[in-house]
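So you know, we letter chains A, B, ... as the sequences are listed, proteins then strands, and number each from 1.
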Amino acid sequence: MDRVRAEYVEQVLSCVEAVPPGRVTTYGTIAAHVGGGPRQVGWVMSHHGGPVPWWRVVRADGSPPPCHEGTADGHYAEEGTPRNGHGRVRMREAFWDPAVPEE
DNA sequence: TGGCTGACAAACT
DNA sequence: AAGTTTGCCAGCC
């Protein structure tokens with residue numbers, strides 16, 4: 001079953017890498033796309049989200065991960081991600097869904 | 001084997 | 001609007 005886990009991780013990372021600059025997606029969206037639960041996606045990110053743009057993956061309310069939020073802020077400024085004046089991303093503008101990439 | 005924890009989410013108060 | 005509770009899947013003690 002190790003392979004299944006590795007494949008699941010690959011899909012999650014793939015979705016994260018598929019997120020275009022200036023856009024963000026949520027754990028729940030990825031979970032609904034690749035399967036499993038939002039916590040599972042978060043678990044994968046915490047253990048295998050090193051080489052991927054994890055800052056493009058935010059919570060459902062638009063808040064960045066509890067870790068490296070300062071670093072994420074720098075990336076958002078660099079990518080031009082629309083954010084609210086409170087350190088949270090404007091989901092209404094920046095939200096991106098892997099099932100509807102043409103948006 | 002059972003229970004707790006964790007980069008979450010949705011519903012309820 | 002903000003805080004609290006339950007459900008979710010997988011891993012670890």
Checking contacts here: which listed nucleotide (dA10(C), dA7(B), dA9(B)) is nearest the side-chain heavy atoms of Pro38(A)? dA9(B)
What distance, rounded to whole Å, do you find between the two P atoms, one in dC4(B) and one in dT5(C)? 16 Å
Give one of base, sugar-phosphate or nothing for Gly42(A), where a contact means two heavy atoms less than 4.0 Å apart. base
Using the rule given for salt bridge (Lys or Arg N to Asp or Glu O under 4.0 Å), can you reason through Glu79(A) versus Arg23(A), listing the C-alpha separation, both sets of side-chain angles and the distance that settles it, and then say yes or no? CA-CA 8 Å; Glu79(A) 309 261 320; Arg23(A) 295 283 163 194; over 6 Å; no
Could you please name the option among dA9(B), dA10(C), dG7(C) that lies closest to any side-chain atom of Thr26(A)? dA9(B)
With clusters defined by side-chain heavy atoms of hydrophobic residues (ILVMFWY) lying less than 4.5 Å apart, directly or transitively, does Phe95(A) cluster with Val57(A)? yes
Let me know the distance between CG of Asp61(A) and P of dA2(C), rounded to the nearest Å. 11 Å
Under 4.0 Å, heavy atoms only, any strand: does Arg59(A) hit a base, just the sugar-phosphate, or nothing? sugar-phosphate
Take the protein atom CZ of Arg56(A) and the nucleotide atom C1' of dA7(B), then report the distance between them rounded to whole Å. 17 Å
Take atom CZ of Arg39(A) and atom C1' of dA10(B), then tell me their distance rounded to the nearest Å. 14 Å
Could you please name the partner base of dT1(B), counting Watson-Crick and G-U wobble pairs only when both distances are under 3.5 Å? none
Quickly work out the Met45(A) CE to dA10(C) C1' distance and round it to whole Å. 16 Å
Indicate the ring-plane relationship of His75(A) and Trp54(A), choosing parallel, tilted or perpendicular according to the 30° and 60° boundaries. perpendicular
Identity of whatever pairs with dT4(C) - Watson-Crick or G-U, under 3.5 angstrom: dA11(B)
Rounded to whole Å, please give me the gap between NE2 in His33(A) and P in dC8(B). 21 Å
Yes or no on side chain to side chain contact (heavy atoms under 4.5 Å, CB included) for Val9(A) and His47(A), after CA distance, side-chain angles and deciding distance? CA-CA 9 Å; Val9(A) 171; His47(A) 287 266; over 6 Å; no
Write down the distance between CD (Gln40(A)) and C1' (dC8(B)), rounded to a whole number of angstrom. 12 Å
Keeping Tyr8(A) on the side-chain end and Gly35(A) on the backbone end, is there a donor-acceptor pair under 3.5 Å? yes
Nucleotide dA2(C), atom P - distance to CZ of Arg88(A) in whole Å: 7 Å
Rounded distance (Å) that lies between atom P of dA10(C) and atom CD of Gln11(A): 13 Å
Of the listed nucleotides dC9(C), dA7(B), dA10(B), the one nearest the side chain of Tyr27(A): dA7(B)
Can you tell which of dA10(C), dA9(B), dC8(C) lies closest to the side chain of Trp43(A)? dA10(C)
Selection from dC9(C), dA9(B), dA7(B) that lies nearest to any side-chain heavy atom of Ser46(A): dA7(B)
